[in-house]
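Notes for the one structure printed next.
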Number of protein chains: 2
Amino acid sequence: MARPRTFDEEGALDAAMRTFWEKGYEATSTQDLCDATGLGRSSIYNTFKSKHDLFERVLARYIDSMTTAQLAVLEDSRRSAADRLRTLFAMVVDGETETEQRPGGRGLGCLTVNTTVELVARDPRAAEMLDRDTRRRLTALRAVLQEGQREGSITSSRDAGALARFVNAAIGGMRISSQGGADRAALESIAEITMDALIG
Amino acid sequence: MARPRTFDEEGALDAAMRTFWEKGYEATSTQDLCDATGLGRSSIYNTFKSKHDLFERVLARYIDSMTTAQLAVLEDSRRSAADRLRTLFAMVVDGETETEQRPGGRGLGCLTVNTTVELVARDPRAAEMLDRDTRRRLTALRAVLQEGQREGSITSSRDAGALARFVNAAIGGMRISSQGGADRAALESIAEITMDALIG
DNA sequence: CAAGTTTTGGACCGTTCGATACATAACTGA
DNA sequence: TCAGTTATGTATCGAACGGTCCAAAACTTG
């Protein structure tokens, strides 16, 4: 053993996450990452192999925490399928309208969506991670929707897989709308109307 | 008068558009723009003030052509409101699944959505342009939906403005889904289910 | 306390960035 | 044909980029 780290690696990941989240991958410089984490270049490059490697770590961490929280809601078997979906939408709305508003009052979107737009076409590793996550979320959504169709809280007779893709797209659309300036009330009404398609 | 241009300015804008569209603003270098347009740096900087100015020109051109085409469909009073919306969705699906597929078969999204994600938080000029465009599209959508409610092809009794934001979000969600790898059939079913919310 | 190991700060690397300078080529109008 | 003007190609700018190197600091273990 030797000299120990004076910083918390997970804290550094969180600081880096916020930066990538707000500015995007390309627009975030290594200096930005030093500033955000409070670390020197050496510490960053000693801990992570490269800017891209750090980004992958950040993305993995984000995906894991985000999807874990959402799946927990979707798999809460005490509540009806429709209820779980409503809660999921409420989580998305809350996430987009959190206190830390950006200039202009816009939502900050979601690192998954942002990365899909910015990097997926040029970064196979990021694309793979996002694909896996999408499959995982779609699987959980399909299960909930199927259960709702059986149990009666989802009255649409559309294929559950198609409904799952629809719900997933709706969430993406809400996040884009939020970045485009939609406020909380607007997001809530989008969620309600999305539910109309499943229930109406 | 003096030596005339040997290139077509609109052609250059289109070439630059494709580049910004595929790679994003930050990841597009001025060299990329020279390669794509076939112009030398001097010609580009002589014609456009800067990379950012060129991007603004490109974005304005994109917004204009895109929204003009969509509004033409939405304002076609010979058809029912529901029909017009279905056509609008079909245009989006076609746009995302055009022959020029990217590696991995993903859609290339829409420059408007991509710019919203990448730049809107840091670029007030781009944000302004996108805001104006969104307002314009929402106004047209609301008019169509209101007409559909009067005429009967839209049976949802939700507020037309809320329905307009929902449809706009759905289109954004479809574009994100396409970049995430959704194929034509998936996009079509998302559009159908979106219509369910307006009609079902 | 000394030997060994790792972290840390800061200087520095080559490359690429967006942008400019300038000489020359190419055209117009007189 | 030539004066005037603009477009173009090339060379180049300073700054910032991602990343490396290295000496000094700071810790553990014996």
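So you know, we letter chains A, B, ... as the sequences are listed, proteins then strands, and number each from 1.
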* Asked: Between the side-chain atoms of A/R3 and the base atoms of C/dT6, is any donor-acceptor pair under 3.5 Å?
  -> no
* Asked: What integer distance in Å separates A/N46:CG from D/dG18:P?
  -> 19 Å
* Should B/R106 and A/D131 count as an ion pair when the cut-off is N to O under 4.0 Å? -> yes
* Asked: Reckon A/R5 has a side-chain N or O less than 4.0 Å from the OP1 or OP2 of C/dT7?
  -> yes
* Between CG of B/L187 and CZ of A/F166, what distance do you get to the nearest 0.5 Å? -> 13.5 Å
* Starting at atom CD1 of A/I44, determine the distance to atom P of D/dT20, rounded to an integer number of angstrom. => 14 Å
* **All ring pair (Phe, Tyr, Trp, His ring centres under 6.0 Å) counterparts of A/Y62, not counting sequence neighbours** => A/W21
* Using only side-chain N and O atoms of B/S43, determine if any of them is under 4.0 Å from OP1 or OP2 of D/dT8. => yes
* Considering only heavy atoms from C-beta outward, does the side chain of B/T47 approach that of B/R5 to under 4.5 Å? -> yes
* Asked: Reckon A/F7 touches a base, only the sugar-phosphate, or nothing at all at heavy-atom distances under 4.0 Å?
  -> sugar-phosphate
* To do: Find the distance B/E9:CD to D/dA7:C1' and express it as a whole number of Å.
  => 13 Å
* Base, backbone or nothing for each nucleotide of nucleotides 17-23 of chain C, written B, S, -, heavy atoms under 4.0 angstrom, 5' to 3'? -> SBBBB--
* Search all heavy atoms of B/R122 against all heavy atoms of A/K23 and return the closest pair with its distance. => NH2-O, 3.6 Å
* Hey, are B/R78 and B/D76 close enough for a salt bridge, meaning a charged N less than 4.0 Å from a carboxylate O? -> yes
* Calculate the interatomic distance between B/L39 atom CG and D/dT10 atom P; express it in whole Å. => 14 Å
